[in-house]
There are 2 protein chains.
Amino acid sequence: MPEDTAPADLTTMRFSRAREAQSMAVLEDYAEMIDDLAKQMGEARITDIAARMGVTHPTATKAVARLKREGLAVSRPYRGVFLTELGAEMAARVRMRHRVVVDLLIAVGVPPETAEIDAEGLEHHVSEATLKAFEAYLAKRG
Amino acid sequence: MPEDTAPADLTTMRFSRAREAQSMAVLEDYAEMIDDLAKQMGEARITDIAARMGVTHPTATKAVARLKREGLAVSRPYRGVFLTELGAEMAARVRMRHRVVVDLLIAVGVPPETAEIDAEGLEHHVSEATLKAFEAYLAKRG
DNA sequence: ACAGAAGTGTAGCCACGGCTACACTTTGCA
DNA sequence: TGCAAAGTGTAGCCGTGGCTACACTTCTGT
Ligand SMILES: [Mn+2]
Ligand SMILES: [Mn+2]
Ligand SMILES: [Mn+2]
Ligand SMILES: [Mn+2]
């Protein structure tokens with residue numbers, strides 16, 4: 001085995017972390033989007049959530065059901081969806097991280113439109129440590 | 001609607017792209033891993049693939065079945081798994097991209113161990129345009 | 001040579017995130 | 001005011017990627 005290869009158990013841990021991060025991605029994106037809609041439209045309706053996510057309304061309903069199950073949102077039949085305090089905190093955190101990721105990409109030379117697109121997937125795999133490093137890099141750059 | 005917000009249909013496209021990228025992630029990671037194992041051990045066995053991915057062997061078997069279905073690998077019962085030419089090309093591309101992502105993270109100040117971990121998830125959402133930008137940045141930095 | 005260990009296949013379970021189809025409720029307008 | 005349009009709920013399908021349990025094959029060491 002080449003010495004530039006990490007031990008197998010460290011490799012395994014990397015994959016586990018990536019899977020774990022991915023399992024949060026849907027939750028994070030919906031939380032942020034519901035918060036966006038609440039700010040822009042006054043409330044987040046299932047149809048609007050679905051339209052923005054690019055999915056059908058039953059898919060959005062299922063995602064919201066998961067958010068509710070995890071204590072991140074509440075809703076009553078035929079009414080809008082609202083974030084709990086926990087959900088709002090997640091939304092704020094996710095929005096900030098998203099912005100930092102986009103800014104960093106642009107700072108290292110990625111075209112802004114591309115940065116926006118790629119960030120939507122990248123953001124969910126940026127750890128706290130990496131986020132801090134990004135912020136430090138951006139601060140240093142002014 | 002605030003003017004710092006992208007049109008809804010662009011937002012929708014971002015999410016679609018992220019989902020699409022994600023659907024390739026498993027394929028990419030397995031292709032790279034099978035290639036690793038072929039180089040390090042002579043051949044890629046289901047048990048070894050599973051162990052490194054941190055999953056059980058039936059899970060690895062299913063992933064390999066998908067690789068075969070997509071023309072990226074071949075195998076015969078109770079024998080090892082081998083990449084096709086297409087699969088080997090994907091593995092090479094994925095390995096290169098992984099390395100660039102890790103290098104870029106380190107270049108902007110992310111601790112190397114963290115860079116390795118985060119890159120495992122990030123890599124799948126780095127587009128060609130972003131990869132080129134990363135390479136340019138790294139080249140400029142020497 | 002063969003028995004036990006190791007490896008592999010496969011059935012069948014689950015959660016998730018897509019979808020269509022259809023029923024029901026709410027909204028809005030003539 | 002009431003009816004049509006819009007919105008929502010829900011059942012049920014699929015593919016994917018996890019898992020356990022168990023059967024079968026291959027390998028290995030005595
Ligand atoms: Mn996202
Ligand atoms: Mn985002
Ligand atoms: Mn990966
Ligand atoms: Mn990788």
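Below, chains carry the letters A, B, ... as their sequence lines are ordered, and counting in each starts from 1. Below, each value reflects all heavy atoms present in this structure, side chains not excepted, and no hydrogens, waters or symmetry copies.
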Handout entry: Charged N-O contact under 4.0 Å between Asp35(B) and Lys39(B)
Key =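 Answer for the salt bridge query: yes.
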
Handout entry: Ionic contact status for Lys132(A) with Glu135(A), cut-off 4.0 Å
Key =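 Yes.
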
How long is the line joining [atom1] of [X] and [atom2] of [N], in whole Å?
X: Ile46(A); N: dG18(C); atom1: CD1; atom2: C1'; answer: 15 Å
X: Asp29(B); N: dG17(D); atom1: CG; atom2: C1'; answer: 13 Å
X: Leu67(B); N: dT16(D); atom1: CG; atom2: P; answer: 12 Å
X: Lys62(B); N: dC19(D); atom1: NZ; atom2: P; answer: 10 Å
X: Glu28(B); N: dG17(D); atom1: CD; atom2: P; answer: 12 Å
X: Leu27(A); N: dA15(C); atom1: CG; atom2: P; answer: 16 Å
X: Ile49(B); N: dG9(C); atom1: CD1; atom2: C1'; answer: 14 Å
X: Met53(B); N: dG17(D); atom1: CE; atom2: P; answer: 10 Å

Handout entry: Flag for Glu28(B)-His124(B): side-chain donor and acceptor within less than 3.5 Å
Key =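 Glu28(B) and His124(B) do have a side-chain donor-acceptor pair below 3.5 Å.
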
Exercise for the section: Could you tell me which residues satisfy side chain to side chain contact (heavy atoms under 4.5 Å, CB included) with Ile106(A), sequence neighbours excluded, listed by chain and number? Expected result: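 If we apply the side chain to side chain contact (heavy atoms under 4.5 Å, CB included) test to Ile106(A), skipping adjacent residues, the hits are Val102(A), Pro112(A), Ala115(A).
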
Problem - By side chain to side chain contact (heavy atoms under 4.5 Å, CB included) - contacts of Thr59(A) (at least two apart) - result: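 Testing Thr59(A) for side chain to side chain contact (heavy atoms under 4.5 Å, CB included), a comparison that skips the adjacent residues, returns Tyr30(A), Val55(A), Thr56(A).
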
[X] side chain near [N] phosphate (N/O to OP1/OP2, under 4.0 Å):
X: Arg66(A); N: dG18(C); value: no
X: Arg19(B); N: dG17(C); value: no
X: Arg45(A); N: dT27(C); value: no

Problem - Residue from Glu123(A), Glu116(A), Glu32(A) passing salt bridge (charged side-chain N to carboxylate O under 4.0 Å, His left out) with Arg14(B) - result: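 Passing option: Glu116(A).
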
Handout entry: Nearest to side-chain heavy atoms of Val26(A), which nucleotide of dC16(C), dG17(C), dG12(C)
Key =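 Between dC16(C), dG17(C), dG12(C), the one nearest the side chain of Val26(A) would be dG17(C).
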
Handout entry: Base-contact (B) and sugar-phosphate-only (S) positions in nucleotides 20-27 of chain D, heavy-atom cut-off under 4.0 Å, - elsewhere
Key = BB--BSSS

Handout entry: Distance (rounded to the nearest 0.5 Å) between Leu83(B) CG and Lys68(B) NZ
Key =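 Here the interatomic distance stands at 12.5 Å.
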
Practice task
Could you pick out which residue, Ser75(B) or Ala63(A), lies toward the 5' side of DNA chain C when each is mapped onto its nearest nucleotide?
Solution key: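 The 5'-side residue here is Ser75(B).
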
